[in-house]
Amino acid sequence: MSKSAAKKIQAIRGMNDLLPSDSPRWQFFEGKVRQLMHRYGFDEIRTPIVEQTALFARSIGEVTDIVEKEMYTFDDRNGDSLTLRPEGTASCVRAAMEHGLLHNQTQRLWYQGPMFRHERPQKGRYRQFHQVGVETYGFDGPDIDAEVILLSARLWQELGLMEHVTLELNSLGSAEARAAYRDKLVAYFEQHQDVLDEDSKRRLTSNPLRILDSKNPDMAEMLNAAPQLMDHLDDESRAHFEQLKAMLDAAGIPYVVNPRLVRGLDYYCRTVFEWTTTALGSQGTVCAGGRYDGLVEQLGGKPTPAVGFAMGIERLVLLLETLNLVPADAMGGCDVYLVPMDDSATVAALMLAEQLRSALPSLRLQLHCGGGSFKSRMKKADKSAAPVAILLGEDELANQTATLKFLRDDREQQQVAQAALAETLHELLPNVSSH
RNA sequence: GUGGAUGUAGCUCAGUGGUAGAGUCCCGGAUUGUGGCUCCGGUGGUCGUGGGUUCGAUCCCCAUCAUCCACCCCA
């Protein structure tokens, strides 16, 4: 620990520690997700966080921002170019193909885990962030589009977020229709070069559809007169989109059609959607996805229709926190804090704690450790947020009892025989069951 | 990647060109076996980091790192 060697090592920029005070919120969210996926008949898939660089370049699109400047790419010791995954879909397709999951069968998969993008960090935008994603394969009708949207909607309902999010919907048409429209749009923009700002000129080659979404008021007039994607949909995509809207109407899910909604990743076609919120500043997209019918084939598999979405866990947890939607009983804590009143009761307390844990498997009991004055032991009992403290001292040891003290309500403490303690706690604490 | 704001105790923040303070937290005491309220005392800081100007820099200048905001992009 010399001064010269004192350069502090800290976490990588944009990569955060998840501290004990945060994890209950994450666990609450993750628990809801897991339960929901189970209820909808989706199976979990876990893939490595590192893949061959080519996988992402070929799926996300060579000229997207993600591939051009945001990937964590490095050479393995044998010279292979590897990349920390910037999103989950490509890995999922790769794994499904590699293990024959797409061979004459349909799949409904979900995953969860860290993703990596080298962007400038901001609230709700990090270099290591976490997504929950859903991917379905082998369904070409709008029913599966509706199904995954309904799944996401139910999650918002269960989390109490429904009135804080908006569903935006669009159709990009088939890959062919989209490409044709893209050419037409580029031609139109090239005729109006003089009105385009710098960003838009750059996007002319990278993602011309996004220019439509520009906030620059000087371009508004020109953009309004631009060819509309909706007018260039192929008939099949138009029908698909109409049916999807009818299904959402029938399910009572409100949405707004946003003809300027364009996803940044190249593989999307037909249905695209985003759930957005105004409560998080400029990082308003909380969940986004769509159809990517061409990707499996593009990666060397048989043509396979696919629909999926991903949501950002940091953003959703942040939203839950901001809106105070995590119930208090999910925020950790324990039921009972067991206090040996002085060091002579340590061993007895240890044994009593184990005995109670055996008798009451759902009991959350924290044993006081680390000594200290009796006063400080009681302070820690208070801080534990437990409703009940068990005190064990000289008198209790002498007559095989324990003192039950109620920390949260005005109620006389009571002496209970140690043999009857489990039964008493079971009666006292509604969430604790005996076995 | 571009523009801007901010970095002082574990946390929230004052403050001054002469090597730092409050609240909170933590520990102890008032109260020998009873926490929360009150009162008293105590621990805790290379003032983000590295240079420069100066007799002297936490303060002024430069660089750098980090966080936040907007843009870009996206979950």
Whole-Å gap separating C1' (A75(B)) and NE2 (H118(A)): 18 Å
base_contact_polar (G35(B) base, D382(A) side chain, donor-acceptor, <3.5 Å): yes
Spacing of F129(A) atom CZ relative to C74(B) atom P, expressed in whole Å: 12 Å
Residue whose nearest RNA chain B nucleotide is more 5′ - M341(A) or E87(A): M341(A)
Electrostatic pair D335(A):R408(A) at N-O distance under 4.0 angstrom: no
Gap between atoms CZ and C1', on R127(A) and C65(B) respectively (whole Å): 12 Å
Residue-level proximity of residues 34-44 of chain A to RNA chain B when a heavy atom falls under 4.0 Å: none
Sugar-phosphate, base or nothing in reach of L316(A), heavy atoms under 4.0 Å: nothing
Under-4.0 Å side-chain N/O to phosphate OP1/OP2 contact, R13(A) with A66(B): yes
Under 4.0 angstrom between S282(A) side-chain N/O and C71(B) OP1 or OP2: yes
Nearest-angstrom distance from the residue atom NE2 of H368(A) to P of G33(B): 13 Å
Ring geometry between Y267(A) and Y292(A) (parallel below 30°, tilted from 30 to 60°, perpendicular above 60°): tilted
Any side-chain donor near an acceptor of the partner, S59(A) and Q298(A), under 3.5 Å: no
Sugar-phosphate only, base, or nothing, as touched by Y126(A) at under 4.0 Å among non-hydrogen atoms: base
Distance, C1' atom - from G41(B) to U6(B), rounded to whole angstrom: 36 Å
Touch class at under 4.0 angstrom, heavy-atom based, for K375(A) against every strand present: base
Option passing side-chain contact (heavy atoms from CB on, under 4.5 Å) with Y40(A) (candidates R108(A), Q35(A), E147(A)): E147(A)
Sugar-phosphate only, base, or nothing, as touched by E314(A) at under 4.0 Å among non-hydrogen atoms: nothing
Between G4(B) and A75(B) - C1' atom distance, rounded Å: 25 Å
Integer angstrom distance from the C1' of A5(B) to that of G44(B): 30 Å
Short side-chain N/O contact to C27(B) OP1/OP2 from K380(A), under 4.0 Å: yes
Non-hydrogen side-chain atoms of L151(A) and L36(A) separated by less than 4.5 Å: yes
Touch class at under 4.0 angstrom, heavy-atom based, for K405(A) against every strand present: base
Touch class at under 4.0 angstrom, heavy-atom based, for R117(A) against every strand present: base
Sugar-phosphate, base or nothing in reach of A310(A), heavy atoms under 4.0 Å: sugar-phosphate
R210(A) side-chain N/O to C72(B) phosphate OP1/OP2 under 4.0 Å: no
Euclidean distance, L196(A) CG relative to E190(A) CD, rounded to 0.5 Å: 9.5 Å
Nearest-Å distance once atom P is located in both G36(B) and G17(B): 42 Å
Distance-only side-chain donor-acceptor flag, Q415(A) / T401(A), under 3.5 Å: yes
Pairwise 5' ranking along RNA chain B for G372(A) and G14(A), keeping only the more 5' one: G372(A)
Touch class at under 4.0 angstrom, heavy-atom based, for D342(A) against every strand present: nothing
Side-chain donor-acceptor contact under 3.5 Å, R291(A) with T271(A): no
Per R120(A) side chain, nearest of listed nucleotides C73(B), G3(B), C25(B): G3(B)
Dot-bracket encoding per residue of RNA chain B, Watson-Crick/G-U cut-off under 3.5 Å, | denoting interstrand: (((((((..((((....[..)))).(((((.......))))).....(((((..]....))))))))))))....
Parallel, tilted or perpendicular: ring planes of Y181(A) versus H232(A), cut at 30 and 60 degrees: tilted
Any Q413(A) side-chain nitrogen or oxygen under 4.0 Å from OP1 or OP2 of U34(B): no
Selection from C71(B), C65(B), U34(B) that lies nearest to any side-chain heavy atom of R125(A): C71(B)
Check: H164(A) main-chain N/O paired with T277(A) side-chain donor or acceptor under 3.5 Å: yes
Sugar-phosphate only, base, or nothing, as touched by E274(A) at under 4.0 Å among non-hydrogen atoms: nothing
Over 12 non-hydrogen atoms of neighbours within 6.0 angstrom of CD in E163(A): yes
From CA spacing to verdict: side-chain hydrogen bond (donor to acceptor under 3.5 Å, both in side chains), T403(A), Q413(A): CA-CA 7 Å; T403(A) 297; Q413(A) 65 183 38; 5.0 Å; no
Sugar-phosphate only, base, or nothing, as touched by R203(A) at under 4.0 Å among non-hydrogen atoms: sugar-phosphate
Ion pair check, R411(A) and D409(A), cut-off under 4.0 Å: no
M15(A) atom CE: more than 12 heavy-atom contacts under 6.0 Å: yes
Closest listed nucleotide, where the reference is the side chain of F374(A) and the choices are U67(B), A70(B), U34(B): U34(B)
Inter-nucleotide C1' distance (C65(B), C72(B)), Å rounded: 23 Å
Sugar-phosphate only, base, or nothing, as touched by G284(A) at under 4.0 Å among non-hydrogen atoms: nothing
Touch class at under 4.0 angstrom, heavy-atom based, for G133(A) against every strand present: nothing
Contact list for RNA chain B against residues 152-163 of chain A - heavy-atom distance below 4.0 Å: none
Integer angstrom distance from the C1' of C27(B) to that of A9(B): 16 Å
